[in-house]
Amino acid sequence: MGRKVSRLTAALVVGALLVAGGGCARVDPPAGELPAPVALPEEEPASVVEPSTSATPGEPSPTPEAVESLGAAPKASTRPSAKATTKAPPKPRRTSTAPRAVPEPPTETKVPPAPPKPAPSGCKPSYKGEEASRAQVKAALTEAAGRTYWPTSAPDIRIPANLIKATAWQESGWQSHIVACDGGIGLMQVMPDTATWMNQRFGQNHDVWDHRDNAYLGATYLAWLTKYIGDMYFDADYRLDTDLCSSELNSCLLNAIIAAYNYGHHAVAREGQPLAIPNPSYVRNVRALMTECVCLGY
């Protein structure tokens, strides 16, 4: 009881001294009850170089050691940027499948040579070398259909397998060693000058007398025609679907490249003029062979 009174008396004396001393005395609060520090506004650096968000393909990312040696990356600001950028609206998709009435200028300025004049009537073809079997021909044409001919500018161009097979049947009856009176060679009846031009255009060295290279050269020509005519008349819509064609032969890209394979690009795609189909019988034959050819069952 007496010890409690003594403690109370001492506390009163200390309190009186504190009142008398004013703000000069500092009393630390008990541990665990420190007041929260006042957050001061951070100073923004004079200039901050933000890292690029688009990494260059093939370049390695910085290692953790390199990042640590350069110092910690600055914290991203939570405030909205004053230079907010908006993405450009996507290019509107083509709504019509019909060709342009007035074509765009051609994007390909280097064009293949014009086809030769028709051979005189009564001329019979000749044969050179050994003939490839039907199984070998089928494999060559199927492989040609599976290639990507424009990997950079038009990777979506694909030549349907039934189109290549039908064209080869129309041109040669799948005879790999046949030579026509006008000079056409092999499965796809590739002209020697056209083969030379395509090898130069695409940096290749295909042999027109080899049945596999012959199939590839013919398919390459179909792919080039798809790009050339597709850019001029179809706004780079390179689809070769049959359901895009109407009863009018000049209604779709498929019919146009079939016609151009036979008559040349210059007879089908003419600057400033509508799409033309100068050889309707040829186009109808190939279109029929795409679904009815006996070759499709080989």
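Between the CD1 atom in I185 and the CG atom in D210 there is a gap of 12.0 Å [rounded to 0.5 Å]. Between the CG atom in L222 and the CG atom in L240 there is a gap of 8.5 Å [rounded to 0.5 Å]. Taking OG1 of T97 as the reference point, atom CG of D237 lies at 8.0 Å (rounded to 0.5 Å). Here CG of L289 is found 14.0 Å from CZ of R284. Values are rounded to the nearest 0.5 Å. Distance check, rounded to the nearest 0.5 Å: CG of L249 to OG of S281 gives 9.5 Å.
Listed here is the closest heavy atom pair of Y238 and T226: CD2-O, 3.7 Å. Across all their heavy atoms, N162 and M290 have their closest contact at ND2-O, 3.4 Å. The two residues I159 and A219 make their nearest non-hydrogen contact at CG1-O, 4.0 Å. Between A180 and P125, the closest heavy-atom pair is CA-CB, 4.3 Å. The minimum heavy-atom distance between A144 and A215, with the atom names listed, is CB-O, 3.8 Å. Across all non-hydrogen atoms, the minimal contact from A98 to F234 is C-CE2, 4.1 Å.
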side-chain contact (heavy atoms from CB on, under 4.5 Å) between T220 and F202: does it pass, once the steps are laid out?
CA-CA 9 Å; T220 301; F202 294 98; 3.6 Å; yes
D235 and R100: CA distance, side-chain angles, deciding distance, side-chain contact (heavy atoms from CB on, under 4.5 Å) verdict:
CA-CA 8 Å; D235 299 328; R100 283 176 167 270; 2.6 Å; yes
Test log, rule side-chain contact (heavy atoms from CB on, under 4.5 Å), inputs T194 and V208:
CA-CA 10 Å; T194 304; V208 71; over 6 Å; no
Let me see the working for T242 and T291 under side-chain contact (heavy atoms from CB on, under 4.5 Å), right down to the final yes or no.
CA-CA 11 Å; T242 56; T291 56; over 6 Å; no
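For the pair Y282 and I258, the minimum side-chain heavy-atom distance is below 4.5 Å. Side-chain atoms of E131 and Q175, non-hydrogen and from C-beta on, do get closer than 4.5 Å to each other. At a threshold of 4.5 Å between non-hydrogen side-chain atoms, the residues C245 and R287 count as touching. In this structure, the side chains of L244 and L254 stay at 4.5 Å or more apart for every pair of heavy atoms. The closest side-chain heavy-atom distance from V137 to Y298 is not below 4.5 Å. A 4.5 Å side-chain heavy-atom check between R201 and E108 finds at least one atom pair inside the cut-off. Looking at heavy atoms from C-beta onward, P278 lies in side-chain contact with V268 at the 4.5 angstrom threshold. Residues L275 and M232 have side chains not in contact (no heavy-atom distance under 4.5 Å, counting atoms from C-beta outward).
Applying the side-chain contact (heavy atoms from CB on, under 4.5 Å) test between Y216 and each of M188, H211, R147 identifies R147 as the sole match. Each of M191, H265, H266 was checked for a side-chain contact (heavy atoms from CB on, under 4.5 Å) with P115, and the lone residue meeting it is H266.
Taking hydrophobic clusters as Ile, Leu, Val, Met, Phe, Trp and Tyr residues chained together by side-chain heavy-atom distances below 4.5 Å, Y228 shares a cluster with W150. Linking Ile, Leu, Val, Met, Phe, Trp and Tyr residues whenever their side-chain heavy atoms come within less than 4.5 Å leaves Y233 and Y263 in two separate clusters. Residue L217 is not grouped with residue I178 when hydrophobic side chains (ILVMFWY) are merged at heavy-atom distances under 4.5 angstrom, including chains of intermediate members. Residues L163 and L296 are members of separate hydrophobic clusters, defined by side-chain heavy-atom contacts under 4.5 angstrom among Ile, Leu, Val, Met, Phe, Trp and Tyr. Hydrophobic clustering places W209 together with M198 (ILVMFWY residues linked when any side-chain heavy atoms are closer than 4.5 Å, directly or through intermediates).
Environment of CD in E130: sparse, with no more than 12 heavy atoms of neighbouring residues, nucleotides or ligands closer than 6.0 Å. No more than 12 heavy-atom neighbours from other residues, nucleotides or ligands sit within 6.0 angstrom of CD on E248.
Residues satisfying the ring-ring contact (aromatic ring centres under 6.0 Å, His included) test with W197, not counting sequence neighbours, are W224.
With hydrogens and angles disregarded, no donor-acceptor distance shorter than 3.5 Å links the side chain of S246 to the backbone of S251.
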